[in-house]
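These notes are about the structure you will find just below.
Atoms considered below: every heavy atom in the structure, side chains included; atoms not considered: hydrogens, waters and symmetry mates. Note on naming: letters A, B, ... go to the chains in the order of the sequence lines (proteins, then strands), and numbering restarts at 1 for each one.
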Amino acid sequence: MKLIEAIIKPFKLDEVKDALNEIGIEGITVSEVKGFGRQKGHTELYRGAEYVVDFIPKVKLEIAVADELVSKVVETIQNTAKTGRIGDGKIFIIPLEEAVRIRTGEKGSEAI
Amino acid sequence: MKLIEAIIKPFKLDEVKDALNEIGIEGITVSEVKGFGRQKGHTELYRGAEYVVDFIPKVKLEIAVADELVSKVVETIQNTAKTGRIGDGKIFIIPLEEAVRIRTGEKGSEAI
Amino acid sequence: MKLIEAIIKPFKLDEVKDALNEIGIEGITVSEVKGFGRQKGHTELYRGAEYVVDFIPKVKLEIAVADELVSKVVETIQNTAKTGRIGDGKIFIIPLEEAVRIRTGEKGSEAI
Amino acid sequence: MQEILSRVKAAFIGLAVGDALGAPVEFLTAHEIKAKYGRLEEIVGGGWLRLKAGQVTDDTEMSLCVARAIVAAGGWDLQGIAGRFAAWLKTKPIDVGDTCRKGIRNYMLKGELETPFNQWDAGNGAVMRLLPVALFTMGDDALLEKYAVAQAHLTHNHPLSDAACVYFGRLVHLAVLGFSKARMRRELEGLITEYPNFRFDPYRGLSTGYVVDTMQTVFHYFFKARDFEECLVGTVNQGGDADTTGAIAGALAGAYYGMENIPKRWIRKMDRKVMEDVVTLAERLITMSPTGMKG
Ligand SMILES: Nc1ncnc2c1ncn2[C@@H]1O[C@H](COP(=O)(O)OP(=O)(O)O)[C@@H](O)[C@H]1O
Ligand SMILES: Nc1ncnc2c1ncn2[C@@H]1O[C@H](COP(=O)(O)OP(=O)(O)O)[C@@H](O)[C@H]1O
Ligand SMILES: Nc1ncnc2c1ncn2[C@@H]1O[C@H](COP(=O)(O)OP(=O)(O)O)[C@@H](O)[C@H]1O
Ligand SMILES: [Mg+2]
Ligand SMILES: [Mg+2]
């Protein structure tokens, strides 16, 4: 299993979630984060306002997936979250040694 | 060492923290996150209000632990965070290659 | 590649970011978290308001780096974030199997 | 025996008083203490733990665990000490050192009574709670050495910590039995020969939780001062791990100078129950010791 972490532009969240649902992925944990990028001090449009601060609001997705789904999930996120403009974000793949569903005690890919 | 990440129902935080304290674990990093689950569109009670939105507030715990403590910690979180009802959450075990205590420079399981 | 996660005191964020910029690191994802540890919650002045909660506000940095930069980045964070007082925080090194730059599709250390 | 009884009570009271006196300035530097208090000479509370004046910390509480375990068992009981540390940890104490926590957890989860050697274990967490072992083994150096190291290894397994425990215990024995400071100073030659790091003159002013720094500070102020108050005030105003240097210095100075020399105004500020407990336990421990048994 892998833990896929994706940092994306906030307005892309619904679109990415829908695209993931389309390929059968429903479990996602989302957090609001601040991004600092290689392109510092740029202005980005966020909720209709231009930011000239050095951090930009981003959204982080964490999705635990079975190995065989990884490339499909990465491809889906990348295609949907991309605008081609600076700040689109990153996808990270982290090894996931074990997963447990708290409600049932199920482990492994049954749990996610 | 492992980094244990647990996504749980917010009202369970204190109980889980106390249960971890009983086994000598005090260091935890907590974040507020939003959960999207397999059980979509369900209503969950959160601070006395019923949510019909598709995301549910969750709390994420990150606990770095020495290898020999992992199963005890996972068991403790699972037993305490469980209600048996949908949305109880997940426990993920991620490999942790190194840990450093910033204050002293200690490394490895001395650092956590 | 590794994903470096650092939990630090909030007032140290700018200093740590500047020190990382000095060594050529610009991409960082930051989240606000709550810390539980040996340093106890109490009335603290945080953004001009007094808090009497039992956790301490911390800031979490996530920095994906190529293997050869890891020790430099860890050393930089540790030297800058340290005050020598309890609660300075932790640095965790997590294996990163793959990274993708969403905007371009680049992979590996090109992506970070 | 009356003299001895008074000194052992003073030693344990001195430990608690030193802890409460130094705790409000733990982690401050000598400069910071000077800026904030001028000279700290009263039990004031506050500090990073936000203590009430006269409140003790883990230094006294862990010492109480050791003392109570021995008294309850009527003799040496390492399992009992470990069990009491574990019970104490679950009460969410005001502070617990990182190395102590790890060792106690090791016992809680694996039942182990000895932590493996670790280069980072040269902190002062084992020596700070050594006093009850010294009282219980009064009159028998071999027993002191054996039990001092055994209880230390519950949490701290490092030769520097072991040496500090044994020699601190020896100084307490000498002080309680009425020996002179000169005799005590000669005793330390053994420690300094084996581990030159512990040399404390010239005193470098280091007072961190590293056991070498801690003991240098304690030795420096103990031999320099002319009475209990001067010893403790000097020690805690050095800052650093001030509650622990204060507690260890307080135990040694109490053992040497006796009850009359401990400032009444400090004792009045202390938690009542703690004061009663340490006196009762000190008395029980010395009665159980080889010296006490000889009567
Ligand atoms: N090395 C990195 N580690 C972690 N997060 C990063 C890293 N580099 C960038 N990010 C995150 O990705 C976001 C976008 O990065 P940026 O460099 O601005 O643009 P792009 O991804 O289009 O090249 C940043 O705002 C930050 O949240
Ligand atoms: N694959 C996953 N990856 C990351 N987080 C997940 C995943 N599946 C679920 N979660 C998190 O766990 C929470 C509970 O999941 P859900 O499917 O609603 O119920 P249950 O865990 O009881 O089966 C979600 O709200 C989300 O935060
Ligand atoms: N085992 C752990 N796993 C994850 N985060 C931790 C752990 N221990 C501590 N932390 C984080 O580090 C912060 C500082 O830890 P603390 O014990 O207060 O002091 P110090 O790091 O100086 O020893 C905590 O507030 C928490 O955010
Ligand atoms: Mg203390
Ligand atoms: Mg101390």
Does A:I94 form a side-chain contact (heavy atoms from CB on, under 4.5 Å) with C:L96? I'd like the steps, not just the answer.
CA-CA 5 Å; A:I94 296 159; C:L96 186 56; 4.1 Å; yes
Output for pair (A:K82 NZ, C:R101 CZ), nearest 0.5 Å, gives 12.0 Å
What part of C:L3 is in contact with chain A, defined as an atom under 4.5 angstrom from a non-hydrogen atom: side chain, backbone, both or neither?
side chain
Side chain, backbone, both or neither of C:I25 within contact of chain A (heavy atoms, under 4.5 Å):
neither
Within this structure, what is the CE-CD1 distance for the pair C:M1 and A:I93, rounded to the nearest 0.5 Å?
8.5 Å
Around atom CD of A:E32, are there more than 12 heavy atoms of other residues, nucleotides or ligands at under 6.0 Å?
no
Under 4.5 Å from any heavy atom of chain A - which part of C:I28:
both
Pick whichever of C:V30, C:T104, C:I112 has the most heavy-atom pairs under 4.5 Å with chain A.
C:V30
Heavy atoms of C:E97 and A:P95 approach each other most closely as OE2-CB, 3.5 Å
Measure C:A99 against the heavy atoms of chain A and call it side chain, backbone, both or neither at under 4.5 Å.
both
Counting only heavy atoms not in A:R85, do more than 12 fall under 6.0 Å of its CZ?
no
Over all heavy atoms of both residues, which pair between C:I102 and A:I7 is shortest? Give the atoms and the distance, please.
CD1-O, 3.7 Å
Is C:E62 salt-bridged to A:K60, cutoff N-O under 4.0 Å?
yes
Rounded distance [0.5 Å steps], CG in C:L13 versus NZ in A:K34:
7.5 Å
Per the side chain to side chain donor-acceptor pair (under 3.5 Å) rule, what does the pair list look like for residues 65-80 of chain A, sequence neighbours excluded?
none
A:V70 versus chain C, the contacting section by heavy-atom distance below 4.5 Å
neither
With rounding to the nearest 0.5 angstrom, report the OG1 to CD distance, C:T29 to A:E5.
7.5 Å
